[in-house]
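Worksheet for the structure shown next.
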There are 4 protein chains.
Amino acid sequence: MDEFSTILDTLIDEQESLTQKQRNILEAAVEIFSEKGFAATSTSEIAKKAGVAEGTIFRHYRTKQDLLLAIVAPTMAKLIGPFVLKDVFNIMDNPNHSYESLVRAILVNRLEFLRKNRMLAKILILEMPYQEELKRQFMEHIIEKARVRLEKAIGHYKQEGEIVEMPSQSLMRFTLSTVIGHVVFHEFLFRDPSLNEEEEVDRTMSLLMYGVKGKRE
Amino acid sequence: MDEFSTILDTLIDEQESLTQKQRNILEAAVEIFSEKGFAATSTSEIAKKAGVAEGTIFRHYRTKQDLLLAIVAPTMAKLIGPFVLKDVFNIMDNPNHSYESLVRAILVNRLEFLRKNRMLAKILILEMPYQEELKRQFMEHIIEKARVRLEKAIGHYKQEGEIVEMPSQSLMRFTLSTVIGHVVFHEFLFRDPSLNEEEEVDRTMSLLMYGVKGKRE
Amino acid sequence: MDEFSTILDTLIDEQESLTQKQRNILEAAVEIFSEKGFAATSTSEIAKKAGVAEGTIFRHYRTKQDLLLAIVAPTMAKLIGPFVLKDVFNIMDNPNHSYESLVRAILVNRLEFLRKNRMLAKILILEMPYQEELKRQFMEHIIEKARVRLEKAIGHYKQEGEIVEMPSQSLMRFTLSTVIGHVVFHEFLFRDPSLNEEEEVDRTMSLLMYGVKGKRE
Amino acid sequence: MDEFSTILDTLIDEQESLTQKQRNILEAAVEIFSEKGFAATSTSEIAKKAGVAEGTIFRHYRTKQDLLLAIVAPTMAKLIGPFVLKDVFNIMDNPNHSYESLVRAILVNRLEFLRKNRMLAKILILEMPYQEELKRQFMEHIIEKARVRLEKAIGHYKQEGEIVEMPSQSLMRFTLSTVIGHVVFHEFLFRDPSLNEEEEVDRTMSLLMYGVKGKRE
DNA sequence: AATGAATGAGCTTTCATTCAT
DNA sequence: GATGAATGAAAGCTCATTCAT
């Protein structure tokens with residue numbers, strides 16, 4: 001799965017030309033936003049944690065909202081990551097690849113992503129319901145693209161007969177529920193380092209593909 | 001499935017002896033909290049919407065936090081509803097019942113619950129990550145009870161051979177992901193009244209039981 | 001000195017026809033006023049401590065100020081006590097009495113009074129600088145009367161040659177400083193039950209009469 | 001007695017590096033605190049009188065209490081002034097000095113001090129009974145030091161036979177009562193500019209040394 | 001680029017007081 | 001006479017933002 005992380009890492013480091021103070025501000029903001037939520041975080045608190053004067057924050061970000069967007073907008077693209085990467089979907093053309101391997105790739109990749117970006121993801125997810133601007137950006141630029149691509153893939157695998165004939169929306173919803181359920185559970189609710197992660201992924205994939213029904217031929 | 005809603009409805013209406021002003025406050029608070037989030041909601045806004053003086057809020061709820069808890073604490077019990085109802089799990093003793101019918105009952109029941117309590121549920125879910133007290137109450141009093149009961153059910157159906165042999169935690173996680181994914185999608189993300197709900201439930205249940213794999217015997 | 005306390009006690013119990021609740025309110029108010037000061041005391045706190053509803057306070061005392069005055073106005077008369085008592089100054093006609101015995105009587109009597117009314121006295125003294133009404137009442141009705149009487153006594157003893165020839169104001173000020181210094185020190189600053197009170201009174205009287213100078217004939 | 005005021009004046013002006021606004025705030029606060037008392041003074045009133053925004057007060061003093069302490073804590077040291085000054089007590093080594101000249105020096109010095117700092121002293125004295133923190137600081141840092149020094153002086157003069165043999169505590173209490181009585185009367189209760197101050201001081205000192213007894217050799 | 005004093009609107013909360021019951 | 005729900009003004013304090021340096 002290395003192709004993902006390589007590509008992602010280059011994406012992640014798109015931030016250039018930031019002064020050290022600016023980096024401190026971003027870092028502090030991420031930490032406090034994720035801990036207390038955007039509205040409950042004061043700029044003075046961020047300034048203190050970042051070790052800068054309050055004015056400095058507003059020199060770089062016109063408003064507190066701007067600071068939030070500066071943090072979270074780039075995250076959106078990264079969160080949706082694999083779904084918009086051309087290379088990922090080229091695996092469809094590879095005769096050895098399957099729906100299962102596609103979803104598994106996405107799952108493993110998102111697990112790793114979240115492990116590195118838990119705070120960012122928490123902010124994004126929990127502020128989206130309240131920040132119209134965030135929601136709009138997310139829906140327009142991110143979800144829509146991912147939906148189109150994933151739908152194409154599902155259409156393809158349905159046609160191939162690899163997955164069951166059913167409205168794509170339902171299949172997509174079920175697949176995403178399973179993937180998101182897996183990562184949310186393991187990264188946010190029940191972080192257990194003693195767990196064998198690979199086995200858990202295997203189980204999730206098995207349930208995704210075959211369901212809970214015991215009687216299999 | 002009527003037994004659920006009947007039982008639930010009686011549970012829901014446990015609020016007694018509230019003055020009209022108090023009801024207005026609660027109603028206004030729920031509406032604004034769910035729209036803007038707890039921290040971004042001002043008590044003066046609530047007072048205005050409720051048609052009471054600001055002091056009146058604090059006569060009934062010592063702090064803004066107390067108001068939140070007064071709203072959300074009872075909701076917790078209701079949200080987890082079916083999992084703690086004795087009657088629900090007695091269906092296990094009924095030879096005609098199955099894991100499928102149990103999960104379907106929960107799913108349908110929660111869909112209906114959310115349709116009536118969308119705002120409350122939104123507040124609860126989105127504030128829990130920030131309100132230690134909420135998290136604590138939820139984990140201690142709610143989740144733990146539900147987990148124990150669901151685990152027992154899963155153990156039972158595994159033994160019966162109705163569902164696949166696998167760690168209960170994984171089965172539970174997968175089942176809940178599927179149920180929660182379904183309700184969140186249909187109640188929060190993509191409310192589409194033209195959709196045939198029963199068919200969607202059928203599809204979700206089919207995917208839960210048999211997965212996406214097309215090739216079935 | 002019993003004549004004082006007897007007379008005083010009858011004065012003290014001038015409160016008649018108070019309901020129990022009213023007594024509770026007064027008692028609670030005295031306690032909290034003396035502990036935190038008038039302005040820093042809330043009526044709700046008084047109500048709680050008195051075990052009555054907030055409204056009840058305002059049924060008996062139109063405002064918080066009125067409550068203060070109801071407490072403190074009668075105290076003023078009591079505080080100044082001995083100076084306005086006819087009997088006390090009749091001792092002047094008694095050939096066995098002297099300035100020394102007069103001041104000693106006052107001192108002993110005020111010590112006893114304060115021991116019983118520490119809280120009331122504290123309120124009166126510390127609120128007077130801020131409550132114009134109190135100050136006015138105190139100056140007009142109390143101080144002036146006491147001044148006239150004391151001045152008369154001092155004039156008498158000066159004439160008799162028992163005390164030094166000096167402006168009465170200075171003698172009065174010095175005498176009162178000594179008496180007040182004694183009672184404030186022993187009742188408010190340095191309450192020490194192990195101290196032999198009578199001896200301390202003797203010392204104070206000796207200093208008052210003869211000063212600190214060592215060489216006495 | 002000039003050595004006192006010189007030394008004191010330098011002590012008084014220890015406030016440095018305050019912005020003009022900050023000075024305004026302190027000045028306004030002193031004025032209103034002394035007029036109405038701490039608890040009855042609102043920060044908005046102070047802000048208005050100081051000509052600053054209310055927020056500005058809280059930028060410099062975290063709480064209203066802090067503002068009080070910022071005003072009054074330095075005053076404590078100044079109030080007790082002469083008792084902690086080394087030079088004052090060196091007069092004991094000067095063969096021409098006496099208890100009388102020591103007390104007279106303190107009295108004159110404190111009269112002058114109060115003439116300049118009436119408001120500060122009023123605040124300090126009247127808030128101390130309610131502000132635990134003030135009381136603590138006063139007792140620990142101020143009173144104790146003054147007591148030790150004064151006790152030493154009294155011991156010395158007792159041994160010399162200049163003042164009467166009696167427990168130091170009683171002598172101290174009497175001396176302080178006389179001094180405090182003098183300054184309180186003349187600076188707070190009965191400010192009369194037509195009075196010949198020096199003569200009044202002479203009278204007080206005479207009474208302190210020889211008492212009221214008429215028969216002097 | 002960075003500061004931090006200053007702002008004034010707005011926050012949560014408390015308060016003395018009123019009034020229907 | 002007593003209650004306690006209700007009030008609205010004002011309290012202390014915080015906030016995002018501005019601006020002179």
Side-chain angles (χ1 to χ4, degrees), chain A residues 18-22 24-25 39-48 50-67, chain B residues 18-22 24-25 39-48 50-67, chain C residues 18-22 24-25 39-48 50-67, chain D residues 18-22 24-25 39-48 50-67:
Chain A
L18 295 184
T19 75
Q20 186 51 45
K21 301 245 168 194
Q22 220 163 332
N24 289 348
I25 290 169
T41 297
S42 76
T43 48
S44 80
E45 205 178 349
I46 296 172
K48 203 190 301 174
V52 304
E54 278 207 65
T56 308
I57 292 177
F58 291 91
R59 171 151 288 279
H60 294 294
Y61 308 95
R62 282 194 336 89
T63 66
K64 194 177 132 184
Q65 266 257 9
D66 281 3
L67 175 57
Chain B
L18 297 183
T19 73
Q20 187 52 46
K21 302 247 169 192
Q22 223 163 328
N24 290 348
I25 290 169
T41 297
S42 78
T43 49
S44 81
E45 204 178 350
I46 296 172
K48 205 187 299 172
V52 303
E54 212 169 337
T56 307
I57 293 176
F58 289 93
R59 166 155 287 276
H60 294 293
Y61 308 95
R62 287 191 338 83
T63 65
K64 196 177 121 178
Q65 265 253 14
D66 280 5
L67 175 57
Chain C
L18 296 183
T19 75
Q20 186 54 45
K21 301 245 168 195
Q22 219 163 332
N24 289 348
I25 290 169
T41 298
S42 77
T43 48
S44 80
E45 203 179 351
I46 296 172
K48 204 191 297 173
V52 304
E54 277 207 66
T56 308
I57 292 177
F58 290 91
R59 169 150 289 278
H60 294 292
Y61 308 95
R62 284 192 337 86
T63 66
K64 194 178 131 182
Q65 266 258 9
D66 282 3
L67 175 56
Chain D
L18 297 183
T19 74
Q20 186 53 45
K21 302 246 170 194
Q22 222 162 330
N24 291 347
I25 291 169
T41 298
S42 78
T43 49
S44 82
E45 204 178 349
I46 296 173
K48 206 188 298 171
V52 304
E54 210 170 339
T56 307
I57 293 178
F58 289 94
R59 164 155 289 276
H60 294 293
Y61 308 95
R62 287 193 335 83
T63 66
K64 195 177 120 178
Q65 265 254 16
D66 280 4
L67 175 56

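No experiment lies behind these values; they were computed from the predicted model shown. Atoms considered below: every heavy atom in the structure, side chains included; atoms not considered: hydrogens, waters and symmetry mates. Sequence lines set the chain letters: A, B, ... in the order given, protein chains first and strands last, and positions in each chain run from 1.
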*For B:Glu45 and D:Glu54, take the nucleotide of DNA chain E holding the closest heavy atom to each; which residue's nucleotide lies nearer the 5' end?*
D:Glu54
*d(CD, C:Gln65; C1', E:dT17) in whole Å*: 14 Å
*Roughly, in whole Å, what's the span from CD in D:Gln22 to P in E:dG4?*
14 Å
_Using whole Å, what does the distance between atom C1' of nucleotide E:dA2 and atom CD of A:Gln20 come to?_
15 Å
*Let me know the distance between CZ of B:Phe58 and C1' of F:dG8, rounded to the nearest Å.*
14 Å
*Under 4.0 Å between a side-chain N/O of B:Thr19 and OP1 or OP2 of F:dG4, yes or no?*
no
_In whole Å, I'd like the distance from the CG atom of C:Asn24 to the P atom of F:dA2._
10 Å
*Does OP1 or OP2 of F:dA11 have a side-chain N or O of D:Ser44 closer than 4.0 Å?*
yes
*Ignoring backbone atoms, test whether D:Arg59 places a side-chain nitrogen or oxygen under 4.0 Å from the OP1 or OP2 oxygen of E:dA5.*
yes
_Measure CD1/A:Ile25 against P/E:dG4 and give the value in whole Å, please._
13 Å
*Just to confirm, is there a sub-4.0 Å distance from OP1 or OP2 of E:dC11 to any side-chain nitrogen or oxygen of B:Lys64?*
no
_First encountered from the 5' end of DNA chain E, between B:Ala39 and A:Val52_ = A:Val52
*Please give the nucleotide sitting opposite F:dT3 as a Watson-Crick or G-U wobble pair, both distances under 3.5 Å, or none.*
E:dA20
*Reckon D:Ser42 touches a base, only the sugar-phosphate, or nothing at all at heavy-atom distances under 4.0 Å?*
sugar-phosphate
_Is D:His60 close enough to E:dG4 that one of its side-chain N or O atoms is under 4.0 Å from OP1 or OP2 there?_
no
_E:dA16 OP1/OP2 closer than 4.0 Å to side-chain N/O of C:Thr43_ = yes
_Rounded distance in Å - NZ (D:Lys48) to P (E:dG8)_ = 14 Å
*Answer yes or no: is there a side-chain heavy-atom contact under 4.5 Å between A:Leu67 and A:Thr43?*
no
*Could you state the atom-to-atom distance from CD1 of C:Ile46 to C1' of E:dT17 in whole Å?*
14 Å
*Taking only side-chain nitrogens and oxygens of B:Thr56, does any of them come within less than 4.0 Å of OP1 or OP2 of F:dT7?*
yes
_Approximate separation, where rounding is to 0.5 Å, of A:Asn24 CG and A:Ile46 CD1_ = 12.5 Å
*Looking at B:Ile25 and B:Tyr61, what are the two nearest heavy atoms and their distance?*
CG2-CE1, 4.2 Å
*Shortest non-hydrogen separation from C:Asp66 to C:Arg62 and the atoms involved*: OD2-CB, 3.5 Å
*Locate the shortest heavy-atom distance separating B:Ala39 from A:Ala39; write the atom from each residue and the value.*
CB-CB, 3.7 Å
